[in-house]
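Letters A, B, ... are given to chains in the order of the sequence lines, protein chains preceding strands, and every chain is numbered from 1.
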Amino acid sequence: MSAPLLEARGLCAFYGATQVLFRLDLSVVAGGVTALLGANGAGKTTTLRALCGMVRTTGDIRLGGQPIMGRPIEDIVRLKVAHVPQGRGTFVRQTVAENLQIGAMSRRDHAAIATDLERVYGYFPRLFERRRQQAGTLSGGEQQMLAVGRALMLRPTLMLLDEPSFGLAPRIVAELFEIFRRLNRDEKVSMLIVEQNAALALDLADEAYLIETGRMVMTGAAATLRNNDSIRRSYLGY
Amino acid sequence: MELILHQVLAGLATGAIYACLALAVVMIYQAIDGFNFAQGEMAMFSTFIAWQLIQWGVPYWAAFFATLVVSFMAGIIIERALFAPIHNAPVLSHVVVFIAMFAILNSLAGFIWDYNVKTFPTPFGSRPLLGNGLISSHDGGMIGVTVIMLVLLYLFFRHTRIGLAMRAAAANPESARLAGIRVAWMIALGWGMAAGIGAVAGMLIAPVVFLEPNMMASVLLYGFAAAVLGGLTSPGGAVLGGFIVGVIENLAGTIPYVGGELKLTIALVIIVAVLVVRPGGLLGQRIVNRV
């Protein structure tokens, strides 16, 4: 087992005076995929936001051994962490091509950016067809592909994926998860994936965490969680 | 016929000023989603700085560009010092600060340079430009500078990375931060550019309306009207709106019995009528968003 790429110890998060995360410990292995599961309102999205400093947070967060707690999100992005937010974060008035350029905005290596644009179009030919279209006119599935494409333009080492399957047709979801699998296998992109669709996420992940109202209730290998009937019935709902 | 042609050309000339100011208004509106009521006073203050430099013997164009740089930096400083801290405050807090800035800049200019009307030089001269003195060379210069500025802004926003970063920061700040864009600095940059554009507008109109602390009062109203008419999301619309407001205002003045007194009213009535039909303004972007 290799060293953790991302490691959080005693992670707490607050909305105003209300504490919503309670001393979570979690890690993502370099080159691995970790799933973060839980019901609606369990704090999955908040955990992702806490990891990149978008909510008030206490605890210790390390990326590649380096503390990143309290760093602004713009700096964390420059450490090659790409956050694909819930709701996709599309720049609706900009074209598809401009949306992808925005994803590479923190980079200076112009030649490599051009290569990466070709790579993203390779993964998502649909985006190439629509590159001159206003991004707001894309379908939900296409906008999710665009969000992933924008994240890839950073050439990330770690992707934080927030409910990528949300609201999408099963065929599109399958396509998207196949691309995640390829990214992880071929390009060694590590991932922390938040999902309501537990079966899907456990299929992709090596390790999994289960949280309930801001507290960690279960951690383990994804296969263990997948094969444990009582966990499946009580927490994962399938 | 000659009269109408004359009024249209004169309207284009004043319209160029409204267009400049409308451009500045649109720049800040894009960045913070609010009207900068102090835009005119910032422009006036910049013009006084240029005047002071010229008084000290600095050549016109040197003073012009020095003022541009000073205004740009002042715009950034004002944003960082006053507006960044209240970024998340309710919109009324912004309005109060805008109004305070209006009053402060106005009295400060009066305090430093007094309220006597001053003449301001034009680099374009005031020779008749087209036959029969339909339009003066200064009018021509104003129109030219406005068009050049619009073209430069267009090229900046469409074809540079930082222009795209500024558009992204304005459109979706949170998503822009997730892409690593330093949104706070993009807003400050927008303020700097708006202050610079306002300074140009002030320096161009000062030879026509003369320099004094209240010189921008009516111009600002027309500038706002132009920005809204053109569509607050569109720099091109702001310039188009500026020219239209200028021409309508001047033509309305030639209608018998209406004359000079009601020309402002007529201009505003037409603007309201346009907005009733097209609430987003003439070139305001209609955003298509599928869910």
| Which atoms of Met54(A) approach chain B - backbone, side chain, both or neither, heavy atom under 4.5 Å | side chain
| Between Leu152(A) and Asp116(A), does a side chain to side chain contact (heavy atoms under 4.5 Å, CB included) hold up when you go through it step by step? | CA-CA 8 Å; Leu152(A) 287 179; Asp116(A) 282 347; over 6 Å; no
| Charged N to carboxylate O under 4.0 angstrom, Glu175(A) versus Arg126(A)? | yes
| field | Ile113(A), part contacting chain B, at a heavy-atom distance under 4.5 Å | value | side chain
| If you measure from the Lys or Arg side-chain nitrogens to the Asp or Glu carboxylate oxygens, is any gap between Asp75(A) and Arg182(B) under 4.0 Å? | yes
| task | Inspect the surroundings of CZ in Phe157(B) and state if more than 12 heavy atoms from other residues, nucleotides or ligands are less than 6.0 Å away. | result | yes
| Between the side chains of Glu207(A) and Thr34(A), is a donor N or O closer than 3.5 angstrom to an acceptor N or O? | no
| note | Looking only at Ile181(B), Val183(B), Ile162(B), the option with the highest number of non-hydrogen pairs under 4.5 Å against chain A is Ile181(B)
| Under 4.5 Å from any heavy atom of chain B - which part of Leu154(A) | neither
| Side chain, backbone, both or neither of Gln94(A) within contact of chain B (heavy atoms, under 4.5 Å) | side chain
